[in-house]
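Working notes, beginning with the structure itself.
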Amino acid sequence: CPLPRAETSLSRLVRRLLSARRSLDLCIFSFSCPQLARAVHLLHRRGVRVRLVTDAQYMGLHGSQIGRLRHAGIQVRHDQHSGYMHHKFAIVDRRMLITGSLNWTTQAIQSNRENVLVVDDAACVKPFLDEFERIWEEYNPANYSF
């Protein structure tokens, strides 16, 4: 699997993601980094429940990994309104939070000044879990009105 092997910020992020054993909940505005997509896909193949919430306008851009992940069977939901779904966080096994300014794009990883915070304190993780579940239900296609 062509995942990063050297000790880099990206490899540390991938290692945190790959530590998931039961679930990975992603709330990501822009997702075009192939290495991160491979890690998410690998988790899905291992039987980890992966759910992804993203922004409708950005999921269809050239280079987006969302279609590939959805095609692989990963559950994806997106917003249905004009504002951006601008969150950038991941929750590993409902106990570890990964958040910060980082969009999951190659540009952000290679060129931008970004921050990522990893927290495993339940009091910090819970509000993000609650927000993910709220958005997951809000973006349920069964609730869309056309």
Side-chain angles (χ1 to χ4, degrees), residues 3-4 8-46 48-146:
L3 295 171
T8 65
S9 297
L10 177 58
S11 70
R12 288 191 297 273
L13 176 56
V14 167
R15 210 168 36 255
R16 298 285 187 178
L17 293 173
L18 292 177
S19 74
R21 296 295 172 250
R22 295 178 307 284
S23 66
L24 176 65
D25 293 327
L26 299 168
C27 207
I28 302 295
F29 172 63
S30 183
F31 191 162
S32 63
C33 178
Q35 294 93 333
L36 292 174
R38 279 195 293 273
V40 171
H41 186 240
L42 180 61
L43 287 171
H44 174 70
R45 286 195 336 248
R46 285 183 186 166
V48 172
R49 181 191 67 170
V50 178
R51 299 184 296 172
L52 192 152
V53 171
T54 192
D55 184 80
Q57 293 178 32
Y58 275 74
M59 68 186 272
L61 292 182
H62 179 73
S64 175
Q65 298 294 308
I66 302 299
R68 289 184 182 132
L69 295 173
R70 179 180 266 167
H71 184 71
I74 292 172
Q75 299 178 69
V76 175
R77 293 187 181 177
H78 57 82
D79 60 324
Q80 289 291 308
H81 49 78
S82 61
Y84 291 128
M85 194 307 301
H86 207 250
H87 283 307
K88 301 160 185 96
F89 67 87
I91 304 168
V92 176
D93 290 337
R94 302 183 59 82
R95 63 170 178 75
M96 181 193 326
L97 170 67
I98 302 168
T99 189
S101 66
L102 182 71
N103 282 311
W104 288 23
T105 66
T106 302
Q107 170 71 30
I109 290 167
Q110 292 180 349
S111 304
N112 295 355
R113 293 178 188 265
E114 302 281 358
N115 66 76
V116 174
L117 178 67
V118 179
V119 180
D120 63 1
D121 179 85
C124 293
V125 175
K126 183 169 180 1
F128 285 85
L129 274 170
D130 293 346
E131 177 69 354
F132 183 88
E133 294 298 342
R134 185 191 69 74
I135 292 172
W136 186 254
E137 285 309 311
E138 179 183 338
Y139 295 172
N140 184 337
N143 297 331
Y144 295 167
S145 58
F146 298 96

Separation of Leu52 CG from Met59 CE (nearest 0.5 Å): 9.0 Å

4.5 Å side-chain heavy-atom contact, Glu131 and Cys27: no

Separation of Tyr139 OH from Thr54 OG1 (nearest 0.5 Å): 9.5 Å

Close side-chain approach of Ile28 to Leu36, heavy-atom, < 4.5 Å: no

Geometric class of the His86/Phe29 ring pair [parallel <30°, tilted 30-60°, perpendicular >60°]: tilted

Non-hydrogen side-chain atoms of Arg15 and Ser11 separated by less than 4.5 Å: yes

Inter-residue atom distance Leu10.CG - Arg12.CZ, 0.5 Å rounding: 10.0 Å

Minimum heavy-atom distance Ala90-Leu24, with the two atoms named: CB-CD1, 4.2 Å

Test log, rule side chain to side chain contact (heavy atoms under 4.5 Å, CB included), inputs Asn112 and Gln107: CA-CA 7 Å; Asn112 295 355; Gln107 170 71 30; 3.4 Å; yes

Nearest heavy atoms of Trp136 and Arg77, plus distance in Å: O-NH1, 2.5 Å

CZ (Arg51) with more than 12 external heavy atoms under 6.0 Å: yes

Ile91 backbone acceptor or donor facing Asp25 side chain under 3.5 Å: no

Short side-chain to backbone donor-acceptor contact, Asp93 and Arg22, under 3.5 Å: yes

side-chain hydrogen bond (donor to acceptor under 3.5 Å, both in side chains) involving His44 - partner list, sequence neighbours excluded: none

Pairs touching residues 135-144 that satisfy salt bridge (Lys or Arg N to Asp or Glu O under 4.0 Å), sequence neighbours left out: Arg134-Glu138

Sidechain-backbone polar pair: Thr99 side chain, Phe89 backbone, donor-acceptor under 3.5 Å: no

Pair listing, salt bridge (Lys or Arg N to Asp or Glu O under 4.0 Å) test, anchored in residues 99-122, at least two apart: none

Flag side-chain contact, heavy atom, 4.5 Å: Thr105 against Cys33: no

Between OG on residue Ser19 and CZ on residue Arg95, distance to nearest 0.5 Å: 5.5 Å

Beyond-backbone contact of Ile109 with Ser9, side-chain heavy atoms, under 4.5 angstrom: no

Closest non-hydrogen atom pair between Leu18 and Arg46, with its separation: O-NH1, 3.4 Å

More than 12 heavy atoms of other groups within 6.0 Å of Arg68 CZ: no

Val53 and His87, any side-chain heavy atoms less than 4.5 Å apart: no

Any side-chain heavy-atom pair of Val92 and Arg16 under 4.5 Å: no

Closest approach of Ala56 to Asp79 (non-hydrogen atoms, all atoms of both residues): N-OD1, 2.5 Å

Which atom of Leu97 lies closest to which atom of Cys124, heavy atoms considered: CD2-O, 4.1 Å

Ring geometry between Trp104 and Phe31 (parallel below 30°, tilted from 30 to 60°, perpendicular above 60°): perpendicular

Side-chain heavy-atom pair Met96, Val118 within 4.5 angstrom cut-off: yes

Shortest non-hydrogen separation from Lys88 to Ser101 and the atoms involved: CD-O, 3.2 Å

